[in-house]
Structure formats: C-alpha cells, structure tokens
Amino acid sequence: MYKENLLAKTVPPPDFRTQYGPWAVVAGAAEGLGAAVATELAQRGLHLWLVDHETDRLAETADRLAAEHAVAVNPQPLDLAAPDAARAITDALDGRDVGLLAYVAAASTIGPFTAVSLAAHQRTLAVNCSTPVNLIHGLAPAMCARGRGGILLFSSLAGFQGAAQVSTYAASKAFDLVLAESLAAELEPLGVDVTACCPGPTETPAYRRSAPQIRPSPTMTPEAVAARVVQRLGRDRVVIPGAANRFGRWLLAGLGRRRAVDLVSRTTLRMYPRRPGSG
Ligand SMILES: NC(=O)c1ccc[n+]([C@@H]2O[C@H](COP(=O)([O-])OP(=O)(O)OC[C@H]3O[C@@H](n4cnc5c(N)ncnc54)[C@H](OP(=O)(O)O)[C@@H]3O)[C@@H](O)[C@H]2O)c1
C-alpha cells in the first residue's frame, strides 16, 4: 500500500497560526477545493487573501467565511493566467505578513492534443505552472527570512504518469508535484513546509463541468480532501487523500511506467470519449 507518510517528520508541527499565519493566500478560492481549503484555514484562525477570476462567487465565499469565522477576509478578483498575476497579488498584499500560500486553481485541457487550441494549452501552462512559480518567488523569501511558513501546491493523481486526452494538464500536474518536492527539500531546513496535494476525482463544480462519462473510482468531497491535506501540512511532502486513491496509486506504481500510462489512458478515453475541447 502506498504510504503518504513515508517522508513524515517525526516532530509534532508547531502551532498552526504561528507556523502559517497571520495571512494565507489562497489562489482559486471561489469554489471547489480552493473554497474548502480556505474554510479549513479560517477554522484555524488564519486571515485570508482569496484570489479567483469568478468575481461574484469569490465575494460570496469571502462574505461567508468572514461571517462564520473571526478572521479578516480579502477577496482579490484576478485571472491567474495573466502574465503579471503574481505581481498583482504581491503588490495588492501591500506588505501583509503571508505565512501560507495555497495554490489550488488549475486550468485543464481535455481532448486530443491537436484538437485543443494552442491558446488553451498555453493557458494551462500559465495557470498551473508559470503563475505558481512566480508567486512562490514573490512570497517565499519573506517566509525564509522569518524562518517559518508553508506552501501548498495542488497536483493530482494525473501528475504521476501521462495519459491520453489530458496531456498538457497531466504534464502540468507532474510539474507541480516535482516543484513541490524540490522546494520541500530546499526550504524545510529554512523552516518553510512544502506539500503537494494529489487528489483523485473530487466532486467539485469544475469536475462536474468536465462531464466524465464514467466514474473511475470513488469520488471524494472537496471538504474531505481539504481536511486531509491541511491536517497533513508540515507532516507530509506528498498527500494523496483517500484510501482508495492511495491504493490505486500503489497498484499503478507497481505496473511500470508504460503499462500505467496505457491503463490510465484507457480510463481517460472512457471518461472523455474523443471530442475536441478545452477548459
Ligand atoms: N476536482 C478534481 O477531481 C481534481 C482531481 C485532481 C486534482 N485536482 C486539482 O485540484 C485543484 C482544484 O480543482 P477544482 O476541481 O476545485 O477546480 P478548479 O478549476 O481549480 O477550481 C478552483 C477555483 O479556481 C478558479 N480558477 C480556475 N482557473 C482560474 C484562473 N485562471 N484564475 C483565477 N481563478 C481560477 C476556479 O474558477 P472556475 O471554476 O470558474 O474556473 C475555481 O473557483 C486543481 O489544481 C486541480 O488540478 C482536482
């Protein structure tokens, strides 16, 4: 069985607010997993800087969290695909003390590689790869300087191997996974925890909109995924929420890379029968 705690630290984590407060930036916070992560952080007393391109839903989520928790909540409407998105966030933060970056948002491209527009592939790279790198580059120096902080990047089970119909998305999630692992090795000695979350199918609005034709494995709720990963922050470098997902990952790892790619591709082709499209 795949054990997510193989690299677990043996020391208990420090108080959550001390390590990750006072402010957390959550990128992609209006709904789905981002909103669920923001809720977990608010419950632990972090002030929230919430970023999303869905202005109205972002305002609703921010209002709800501010009403339900004794924390400050600031919504920033922004398209994370914009080349200057990270700078827009760090400028707007105006010196606030950010102890945690949770980068949750993703763009996805589903369909045959050549049928998906180049613009959609590029958008996936911008949202899933470039902006997180830029944002970490902007926020991590202050975390390192004060010797505490955290970075949570959302990867996916799709990031462990390639698959037909989701090529650029899967590759971008592999990027996020390896980026997180690399930064964990680099920044942990400086007091900054880095975790990659690799969910399987999760019942979010974005997943529903992707209209999978089959459900390959049990679907988790965003709340269960968020609760698990926030609980493991500072303990595990890679978190796969859900026992069924960890078991599936363990099985695939044992197959060898090529057979795993072919098996997962058969599943993604059944989930998303060949049709051009992009997200
Ligand atoms: N749901 C799953 O089954 C699943 C499985 C494995 C991994 N993941 C990963 O988990 C993370 C969250 O997934 P999710 O299902 O909650 O969907 P998501 O599409 O990442 O949605 C999270 C929030 O981010 C927003 N967002 C997306 N693109 C944005 C952009 N360019 N600028 C600003 N905000 C943006 C979304 O708005 P819109 O929805 O309006 O775009 C939504 O409010 C992603 O990194 C995804 O790769 C999800």
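The figures that follow rest on heavy atoms only: side chains count, while hydrogens, waters and symmetry mates do not. In each ligand, atom 1 is the first atom listed, and ligand 1 is the first ligand listed.
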Between Tyr103 and Asp176, is the side-chain hydrogen bond (donor to acceptor under 3.5 Å, both in side chains) condition met? List the steps.
CA-CA 10 Å; Tyr103 197 97; Asp176 293 329; over 6 Å; no
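Protein residues with a heavy atom under 4.0 Å from ligand 1 are Gly28, Ala30, Glu31, Gly32, Leu33, Asp52, His53, Glu54, Arg57, Leu78, Asp79, Leu80, Ala81, Val104, Ala105, Ala106, Arg123, Val127, Phe154, Ser155, Ser156, Tyr169, Lys173, Pro199, Gly200, Pro201, Thr202, Thr204, Ala206, Tyr207, Arg209.
The ring pair (Phe, Tyr, Trp, His ring centres under 6.0 Å) analysis of residues 117-140, with sequence neighbours excluded, yields the pairs Phe113-His121. Contacts classified as side chain to side chain donor-acceptor pair (under 3.5 Å) and involving residues 93-102 (residues at least two apart or in different chains) are given here: Asp97-Arg146. Applying the ring pair (Phe, Tyr, Trp, His ring centres under 6.0 Å) rule to pairs touching residues 31-61 yields Trp23-His47, sequence neighbours excluded.
Using a 4.5 Å cut-off on side-chain heavy atoms (C-beta onward), Arg64 and Thr39 make contact.
With respect to the salt-bridge test (charged N to carboxylate O, under 4.0 angstrom), the residues Glu40 and Arg228 do not qualify.
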